[in-house]
Amino acid sequence: MRLSKYFLPTLKENPGEAQVISHRLMLRAGMIRQSSAGIYSWLPLGLRVLKKIEAIVREEQNSMGNQEILMPTIQPADIWRKSGRYDDYGPEMLRIIDRHERDMLYGPTNEELVTEIFANSIRSYKDLPQLLYHIQWKFRDEIRPRFGVMRGREFLMKDAYSFDINSEEARCSYNKYFIAYLKTYASLGLKAIPMTADTGPIGGNMSHEFLIIADTGESEIACHRQYLEMDLSCQDIDYNQDLQPVIHRYTEKYAATDDKRDPAIEKALGDDVRTARGIEVGHIFYFGTKYSEKLGAKVSGPKGEEIAVEMGSYGIGVSRLVGAIIEASHDDKGIIWPKAVAPFKVGLINLNISDRDCTVACEKAYNDLDSAGIEVIYDDREARPGAKFADMDLIGLPWQLIVGPRGIKTGSVELKNRISGEREEISMESALTRLLD
Ligand code: ATP
Ligand code: MG
């Protein structure tokens, strides 16, 4: 991609409306533009990151044996009346009336719709378990949309649903999601701590939220200090093994979001307790037969008896993650993308496009990288070096390959690692070898 032709409207000044760093940086790096409160357009650079996160989330869902579907954004009100949530949901739900005066709504979540799909199609316990997910835009008319894409009104969520014959099987499904979430966050270059969450009337220990520690988090969390050092990446864990001991290992110590904190436990923990602010990036929840009873999701059991299926739902905030990653990874110059989600791997900077040697070397490097499938953005604009450096630091690509008229005379370039900050003067050849690695 040539920067001279790329739609990258960066801003020098901090936009006044943005309170948190990720929102400021996303606006300044030309990733998003607000359309109305809590509703954003994704520009080329932002969309690339969103798609990368989406792909990582999708890959792990597929690996755990989950099946992707795509449900619509607009849903009929009837199924929400059946579940009893049409009135309960309140003003967060965007209600719509179609031309035939039918009540519709823009889905804030999909339990009802997926349960109806299941109820119309699955009849026997032999067809269980079923795990289904989709990645779709949601709308919640949040009372206070803020922090950019982290608390939007329209946002992208991966939501999954499990259908099992009994509570033991449901727990197995739940455990798979738990592990899949930890693997997903690790692949994104993040550490998210599982914390006990509210289970409502069902009780037990079957709801967890996953939180990233960041100063701008909306939740004041507390956890055992061991979580901060623990390896939560679940790299060697296989979905077919007994996951219960693994889950136990990751949940036995104290970790709670603000509404679940327990002063007595924290007092007893003494020096071992850490408090911090956290951003919720995922939530898994086992709720039994709450929706299957009301929406008729029943199967026939081994003896022909009718059984309401045991369900759970599992969400990851895909668009929120874009902001959350920036909150966790930036410096005073801009974003520092973890490799896995960086919009491009390399930013190639031509310090003087009127210098023939410089431009010839850059064109060749650009073609070599591009044809090797390396994602490269080439700053071929007619602009001052200072402006080029500032933009490249702002958009935070893992590598910068800097080519200037003086160095190129002796064949040397500068390779800068945006993550470690290291800069090296090396030959163009070794720089390319490193980047092609
Ligand atoms: P919160 O407490 O932050 O409002 P929630 O409990 O309402 O979240 P869920 O219904 O569990 O959220 O949704 C699953 C995930 O979707 C959340 O973990 C979060 O990452 C994301 N999410 C929820 N609301 C928003 C929003 N307004 N903007 C962006 N992402 C959101
Ligand atoms: Mg909410």
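Atoms within a ligand are numbered from 1 in the order they appear, just like the ligands themselves. For clarity, every value in this text was computed on a predicted model and none was experimentally measured.
- Contact annotation for L321 and ligand 1: no heavy atom of the residue comes within less than 4.0 Å of the ligand.
- Atom 8 (O) of ligand 1 has its nearest heavy-atom neighbour, among E154, E280, E218, in E280.
- Using 4.0 Å as the threshold, T109 has no heavy atom nearer than that to any atom of ligand 1.
- With a heavy-atom cut-off of 4.0 Å, M157 touches ligand 1 through its side chain alone.
- Put simply, part of V149 is less than 4.0 Å from ligand 1, judged by heavy atoms.
- Within the 4.0 Å heavy-atom criterion, the part of E142 lying near ligand 1 is the side chain and not the backbone.
- With salt bridges taken as basic N to acidic carboxylate O contacts below 4.0 Å, none links R153 and E92.
- For the side-chain contact (heavy atoms from CB on, under 4.5 Å) test with N240, the passing option among I237, L243, D238, D242 is D238; the others fail.
- Geometrically, ligand 1 and I316 share no nitrogen or oxygen pair separated by less than 3.5 Å.
- Under the 6.0 Å cut-off for aromatic ring centres, Y89 and W80 qualify, their centroids lying closer than that.
- Below 3.5 Å of separation, one finds an N or O of H283 facing an N or O of ligand 1.
- By the side chain to side chain contact (heavy atoms under 4.5 Å, CB included) test, P302 pairs with Y125, E305, sequence neighbours left out.
- Y86 carries R81 over the face of its six-membered ring, with the cationic atom under 6.0 Å from the centre and within 45° of the normal.
- Looking at Y254 and R261, their side chains never bring a donor and an acceptor atom within 3.5 Å of each other.
- Contact annotation for R140 and ligand 1: only side-chain heavy atoms (C-beta onward) come within less than 4.0 Å of the ligand.
- Ring centers of F210 and Y181: under 6.0 Å apart, within the cut-off.
- Within the 4.0 Å heavy-atom shell around ligand 1 one does not find K138.
- Close approach of ligand 1 to V281 is summarised as follows: ligand atoms under 4.0 Å from at least one heavy atom of the residue are 18 (O), 20 (O).
- Heavy-atom distances between S319 and ligand 1 stay at or above 4.0 Å for every pair.
- Less than 6.0 angstrom separates the ring centroid of F178 from the ring centroid of H208.
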